[in-house]
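Beneath this line is the structure, given in structure tokens, with notes to follow.
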Protein chains: 2
Amino acid sequence: MTVPSGRRERKKAATRQKIADTALRLFLDRGYDAVGIRDVAAEADVAVTTLFSHFASKEALVFEQDEDFEQRLAQAVTGRAPHEPLIPALRREIEALVRHCTADSAAPIWRLVEETPALREYEESMRLRHAEALGMAIAADLGLPRTTTDCRTIARFVIDAYSLAREAADPEAALDEIFRMIEAAWEVTSSSRCTRGAVPPDGAEAGRAVTAR
Amino acid sequence: MTVPSGRRERKKAATRQKIADTALRLFLDRGYDAVGIRDVAAEADVAVTTLFSHFASKEALVFEQDEDFEQRLAQAVTGRAPHEPLIPALRREIEALVRHCTADSAAPIWRLVEETPALREYEESMRLRHAEALGMAIAADLGLPRTTTDCRTIARFVIDAYSLAREAADPEAALDEIFRMIEAAWEVTSSSRCTRGAVPPDGAEAGRAVTAR
DNA sequence: TTCGAAAAACTAACCGTTAGTGCTACGGTC
DNA sequence: GACCGTAGCACTAACGGTTAGTTTTTCGAA
């Protein structure tokens with residue numbers, strides 16, 4: 001029950017890191033499909049079962065770093081400046097994420113992902129989880145008691161923006177264009193939210209002002 | 001090179017159907033994960049390799065019927081009445097598809113899909129393909145020489161509508177709401193398309209009028 | 001030092017999927 | 001009607017990701 005301070009945690013983290021590094025190196029070297037789990041485990045000098053105790057699947061080895069994606073998006077919603085409208089705040093965060101992916105240092109990894117169907121599929125599945133989480137964050141921010149259709153929808157659109165911009169020839173321009181569309185969609189639904197009177201039943205102060213676009 | 005008319009084709013189709021039926025029955029009976037490929041093959045009285053010569057994967061057994069999804073969407077775009085605006089036409093088609101899924105007869109299958117992560121993942125991947133195809137159809141309909149970002153974006157949004165509406169408590173209402181948002185997004189991008197002058201370089205007559213919303 | 005527990009190892013399998021090979025029945029051709 | 005090419009299918013055997021079960025090692029705390 002005590003807090004395991006020290007060596008054990010460090011060793012565990014080191015093992016995890018060694019596995020991830022080895023895997024990425026081999027994947028970039030020989031290609032994702034050409035490298036087996038048993039290869040990675042042998043090269044990292046661990047047992048196969050150990051590898052799977054650190055990573056849920058072979059694909060997860062590649063996306064090791066991007067575990068904070070969800071948190072960053074939620075943070076962009078809940079941690080934005082007071083009275084700052086929602087969509088621009090999300091746009092800024094998405095832009096940063098896209099830039100991070102298209103940066104030269106990360107380029108080989110994303111090329112690997114794009115070339116490998118299994119990895120693409122895995123990432124799509126991740127995106128859906130992210131969209132769901134973002135939808136919840138937006139709903140909470142608006143003070144809604146549950147995730148409504150419009151929150152879920154906008155969340156999907158925002159995640160779509162990330163995905164589409166990454167694949168576009170000019171990511172910045174694509175983001176411009178897509179977020180103009182999202183902005184329009186958001187205005188429609190947020191104005192009708194007022195007339196619908198979807199303010200939570202317990203009254204006034206919960207969440208951010210609904211009128212803040 | 002002749003058209004193989006007759007028994008051979010019928011036998012092949014019968015084998016395929018028998019496999020699909022058997023698979024669906026077993027899956028609904030015992031659950032997707034509890035039934036192995038070898039079980040399905042044995043019950044359908046075919047070899048495992050035969051099964052895989054008819055279906056690309058275990059998941060494909062479940063989505064056997066919905067192979068015309070892409071075609072239906074493309075048809076909704078290219079085959080709509082002259083001067084009928086794009087988005088409402090798509091809305092009608094999506095509505096029909098959603099109704100088809102939520103109908104009582106298909107309900108057990110979709111419950112199975114929703115309960116099984118592997119099937120959800122597979123369907124997501126299918127949706128992305130559908131979105132890409134729809135984007136191409138839209139671009140072609142507008143007379144654009146290639147699939148632009150806004151076409152791709154609207155296509156994604158439309159597919160999102162399908163996915164979100166199916167999961168919503170009240171699919172009709174959800175479609176209302178989401179398509180209002182899509183309509184707004186489409187107006188923004190289609191009006192700026194005129195000012196951008198994205199008419200194909202070879203001049204006038206290709207495709208439908210850009211001004212038709 | 002000793003003990004409990006977490007981490008890692010090892011074995012042995014399960015399951016989806018594929019390659020390789022050969023047989024059989026069907027369809028077109030002479 | 002006999003012949004031949006081939007499509008459909010069966011069979012074996014394996015590959016690669018993943019997991020269960022069990023045992024050994026390693027660390028932290030008493």
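Lettering follows sequence order; numbering is per chain, from 1.
- When atom types are taken as modelled, the side chain of B/Asp29 and the backbone of B/Leu26 share no donor-acceptor pair closer than 3.5 angstrom.
- You'll find that the side chain of A/Ala47 is closest to C/dC10, out of D/dT18, C/dC10, D/dC9.
- By the 4.5 Å heavy-atom criterion applied to side chains, A/Asp141 and A/Arg80 are counted as neighbours.
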Per-pair distances, 0.1 Å, donor-acceptor, side chain in residues 151-168 of chain A, under 3.5 Å, sequence neighbours excluded:
| residue | atom | partner | partner atom | Å |
| --- | --- | --- | --- | --- |
| A/Arg152 | NH1 | A/Glu132 | OE2 | 2.8 |
| A/Arg152 | NH2 | A/Thr147 | O | 3.2 |
| A/Thr153 | OG1 | A/Thr149 | O | 2.6 |
| A/Arg156 | NH1 | B/Ser163 | OG | 3.0 |
| A/Arg156 | NH2 | B/Ser163 | OG | 2.8 |
| A/Tyr162 | OH | A/Arg166 | NH1 | 3.3 |
| A/Ser163 | OG | B/Arg156 | NH1 | 3.0 |
| A/Ser163 | OG | B/Arg156 | NH2 | 2.8 |
| A/Arg166 | NH1 | A/Glu123 | OE2 | 2.7 |
| A/Arg166 | NH2 | A/Glu123 | OE1 | 3.2 |
| A/Glu167 | OE2 | A/Arg120 | NH2 | 3.3 |

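- When all heavy atoms of A/Glu172 and A/Arg91 are compared, the pair lying nearest together is O-NH2, 4.4 Å.
- In this structure, B/Leu61 and B/Phe27 have side chains that are in contact, with non-hydrogen atoms separated by less than 4.5 Å.
- Separating the CD1 atom in B/Ile109 from the CZ atom in B/Phe63 is a distance of 10.0 Å, to the nearest 0.5 Å.
- Counting heavy-atom neighbours within 6.0 Å of A/Met136 CE, excluding the residue itself, gives a total of 12 or less.
- Taking atom CD1 of residue A/Ile19 and atom P of nucleotide D/dT18, one finds them 14 Å apart after rounding to whole Å.
- In this structure, CD of B/Glu59 is placed 9 Å from C1' of C/dG16, rounded to the nearest angstrom.
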Each nucleotide N or O in nucleotides 21-24 of chain C that has a protein N or O under 3.5 Å away: list the pair and distance.
none

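- Between the NZ atom of A/Lys18 and the C1' atom of C/dA7 there is a distance of 15 Å, rounded to whole Å.
- With sequence neighbours excluded, the residues forming a ring pair (Phe, Tyr, Trp, His ring centres under 6.0 Å) with A/His130 are A/Phe69, listed by chain and number.
- A distance-only check finds no donor-acceptor pair linking the side chain of A/Thr189 to the backbone of A/Trp186 [under 3.5 Å].
- Here D/dG16 presents its P atom at 9 Å from NZ of A/Lys58, a figure rounded to the nearest Å.
- For the pair A/Arg72 and A/Ala96, the tightest heavy-atom approach, listed with the atom from each and the gap, is NH2-CB, 3.9 Å.
- A heavy-atom distance below 4.0 Å to DNA chain D is reached by these residues of residues 20-43 of chain B, ordered by number: B/Arg38.
- If you check D/dG8, C/dC26, D/dC9 against the side chain of B/Lys12, the one that comes closest is D/dG8.
- One finds no side-chain N or O of B/Thr15 lying less than 4.0 angstrom from the OP1 or OP2 phosphate oxygen of D/dG8.
- By the 4.5 Å heavy-atom criterion applied to side chains, B/Ile182 and B/Leu90 are not counted as neighbours.
- Regarding A/Phe55, its CZ atom lies at a distance of 11 Å from the P atom of C/dA8, rounded to whole Å.
- Spacing between atom CG of B/Leu51 and atom C1' of D/dC11 amounts to 15 Å, rounded to whole angstrom units.
- The backbone N or O of B/His54 lies less than 3.5 Å from a partner atom in the side chain of B/Arg16, making a donor-acceptor pair.
- Taking 4.0 angstrom as the limit, A/His54 places none of its side-chain polar atoms (N or O) nearer than this to OP1 or OP2 of C/dA7.
- At its two ends the helix from C/dT1-D/dA30 to C/dC30-D/dG1 runs along axes set 10° apart, each axis drawn from five pairs and the angle rounded to 10°.
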Show me the protein contacts with nucleotides 19-26 of chain D, counting only N or O atoms at under 3.5 Å.
| residue | atom | partner | partner atom | Å |
| --- | --- | --- | --- | --- |
| D/dT26 | O2 | A/Arg8 | NH2 | 3.1 |

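- Between the CZ atom of A/Arg10 and the P atom of C/dA7 there is a distance of 15 Å, rounded to whole Å.
- A cation-pi contact, defined as under 6.0 Å to the ring centre and within 45° of the axis, links B/Lys58 to B/Tyr32.
- Regarding contacts with the backbone of C/dA9, a side-chain N or O of A/Thr50 is found under 4.0 angstrom from either OP1 or OP2.
- Regarding B/Asp45, its CG atom lies at a distance of 14 Å from the C1' atom of D/dC11, rounded to whole Å.
- Not a single donor-acceptor pair under 3.5 Å links the side chain of A/Asp176 to the backbone N or O of A/Ala173.
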